[in-house]
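Here is the structure we will look at.
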Amino acid sequence: MSTTFKPKSDFLRVLIERGYVHQCSDFEGLDAKAKAGEATTYIGFDATAKSLHVGSLVQIMMLRWLQKTGNKPIPLMGGGTTMVGDPSGRDESRKVLTPADIEANKAGIRSVFVKFLTFGDGATDAVMVDNAEWLLKLNYVEFLREVGRHFSVNRMLSMDSVRMRIEREQELSFLEFNYMCLQSYDFVELHKRYGIVLQMGGSDQWGNIVSGIDLGRRMGTGQLYALTSPLLTTASGAKMGKTAAGAVWLNADMLSPYDYWQFWRNTEDGDVGRFLKLFTELPLDEIARLEALGGSEINEAKKILANEATGLLHGREAAERAAETARKTFEEGVAADTLPSIEVPRAEIDAGYGVLGAFVAAGLVASNGEARRQVKGGGLRVNDAPVTDERAVITAADLNADGAVKLSLGRKRHVLLRPR
RNA sequence: GGGGGAAUGUCCCGAGCGGCAAAGGGGGCGGACUGUAAAUCCGCUGGCUAAGCCUUCGUAGGUUCGAGUCCUACUUCCCCCA
């Protein structure tokens, strides 16, 4: 990244200051466009799952800043390109998704953007577009004559995404080989339809984006721009976005706001400052202050990170609820009644409810066998008392003042069991 | 079209003379230490009504007291020759 470059536009200034920029094809040119409010921009999101996960959050935040600094953002659903599959950054071919899967995935993904962007008909209002609209109608021979002629296979073979596969002697199907052409074509088509001049994406998208700029020049779009964000890893080198339970999904029905809050709360020390810049909208001097906190005080910064990030996605109220649940659970050690809970027929509790079964029913362990192993390892607790006997039973006497029993797996995962 | 290889614990990689619930790693989970962090150390990582029983090594058969291991066919993938 150019260090001498002094942006005049708010857009580039913010993105550079906050650490969103990895590469840009032309800082000065893009800066002028952004300053004039003409930097209409798109980012493509493939519909490979029912929800996006935190890995896409950097991209979403970039669109949000773009809008806040007076330009028009266009999230593009890859309804068409998902049918092909992007080989970038992948060792193996993606599974081919059925059109029905793709439709379902698109619906799930759309719901997230509404929370980060303002949609409408105004000059800087966001518009949701789906490349299925034009890609699925393409006529093969026509496409080859109008678009395919501009692609050099020699050059495509030299691109990272392709070369890696070839060098490792991993198969790259013709289908995937075409992904780049389609993405390039999207860029040109979006320029025609919406006057888009910039495409952003993760650093692995650089090749695809630049190839779109090239295609645009040959097809007369005028100058287009590329801007990519750095690939995010945690300070200890792990890929961003995995937790105990799996991916950190953005849709609330796949990961509860509480768990989402916990994800941010458990950020490594070394990541706090970077994440505050990327995933919250706090002013930089405030972030600098938080980042400087030493020792266990850094935990205050982590709570703020969790509150802010959760607030952006799930709303202020949900964030506060999550924070409150966490405070009670971890700092007071009481069972917050907002913890996840399961219900068990009163009669079963009166008869004595087996601990192993209770933990399985709560979804904390997958089987009685796993529960037994956890008992041996001292990982299960009932009302904060370690379970030492796998034959122990939960009875009415275990109900606390709120009429619930607190089941815990490890220090962090708790479920309330209530009689019904 | 011809020839040669490979598929292992449903997270991944990977060893496996005919006695195997199957080495080892990664990842994950739990414990200790901490600050709900990182690093480190330790334990666990098929199911069950559990000193026993059941289900697992691409699929289907076969040989054998006994098959992940040997044989046959099939499926999928890879490599070489044409």
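Every chain is numbered from 1, with letters handed out A, B, ... down the list of sequences.
The distance from atom CG of A:Leu356 to atom P of B:rG47 is 13 Å, rounded to the nearest whole Å. Distance CZ (A:Arg265) to C1' (B:rG35): 8 Å, rounded to an integer number of Å. Atom pair A:Glu300:CD and B:rG35:C1' shows a separation of 11 Å (rounding to whole Å applied). The interatomic distance linking A:Asn299 (CG) with B:rA37 (P) rounds to 8 Å, in whole Å. A:Phe359 places its CZ atom 21 Å from the P atom of B:rC44, with the value rounded to the nearest Å. Remark: P of B:rA37 and NZ of A:Lys412 are 4 Å apart, rounded to the nearest angstrom. Atom CZ in A:Arg372 sits about 20 Å away from atom C1' in B:rG31, given to the nearest Å. For the pair A:Asn266 CG and B:rA39 P, the computed distance is 13 Å after rounding to whole Å.
Using C1' as the reference atom, B:rA60 and B:rC41 are 49 Å apart when rounded to the nearest Å. To the nearest whole angstrom, the two C1' atoms, one in B:rA7 and one in B:rG14, are 13 Å apart. Between the C1' atoms of B:rC33 and B:rU40, the separation comes to 9 Å (whole Å). Taking atom P on both B:rC54 and B:rU36, the two are 48 Å apart, rounded to the nearest angstrom. Rounded to the nearest Å, the gap between the C1' atom of B:rU8 and that of B:rU59 is 15 Å. Nucleotides B:rG19 and B:rA73 are separated by 25 Å at their P atoms, to the nearest Å. For the P atoms, the distance from B:rA39 to B:rC48 is 32 Å, rounded to whole Å. Comparing B:rA21 with B:rG46, their C1' atoms are spaced 7 Å from each other, to the whole Å.
Of all nucleotides present, only B:rG28 satisfies the Watson-Crick or G-U wobble test against B:rC44, with each distance under 3.5 Å. In this structure B:rU36 sits in no base pair that meets the Watson-Crick or G-U test at under 3.5 Å. With a cut-off of 3.5 Å on both pairing distances, the Watson-Crick or G-U wobble partner of B:rA73 is B:rU59.
Comparing A:Gly379 and A:Lys303 along RNA chain B, the residue whose closest nucleotide (by nearest heavy atom) sits nearer the 5' end is A:Gly379. Checking A:Leu409 against A:Ala366, the closest nucleotide of RNA chain B that is more toward the 5' end is the one next to A:Leu409.
Across B:rC29, B:rA37, B:rC48, the shortest atom-to-atom separation from the side chain of A:Gln374 is found for B:rC29. If you check B:rG35, B:rU49, B:rC29 against the side chain of A:Asn368, the one that comes closest is B:rU49. Here the side chain of A:Arg411 is nearest to one of B:rC44, B:rA32, B:rC29, namely B:rA32.
Glycosidic conformation at B:rC20 (O4'-C1'-N9-C4 for purines, O4'-C1'-N1-C2 for pyrimidines): syn, within 90° of 0.
Between A:Trp249 and A:Tyr260, the distance from one ring center to the other does not fall under 6.0 angstrom.
At most 12 non-hydrogen atoms from other residues, nucleotides or ligands lie less than 6.0 angstrom from CZ of A:Arg145.
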The test is salt bridge (charged side-chain N to carboxylate O under 4.0 Å, His left out); show your working for A:Glu281 and A:Arg64 and say whether it passes. CA-CA 10 Å; A:Glu281 294 179 322; A:Arg64 184 175 164 91; 2.5 Å; yes
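Here the side chain of A:Arg346 pairs no donor or acceptor atom with the backbone of A:Pro419 at under 3.5 angstrom.
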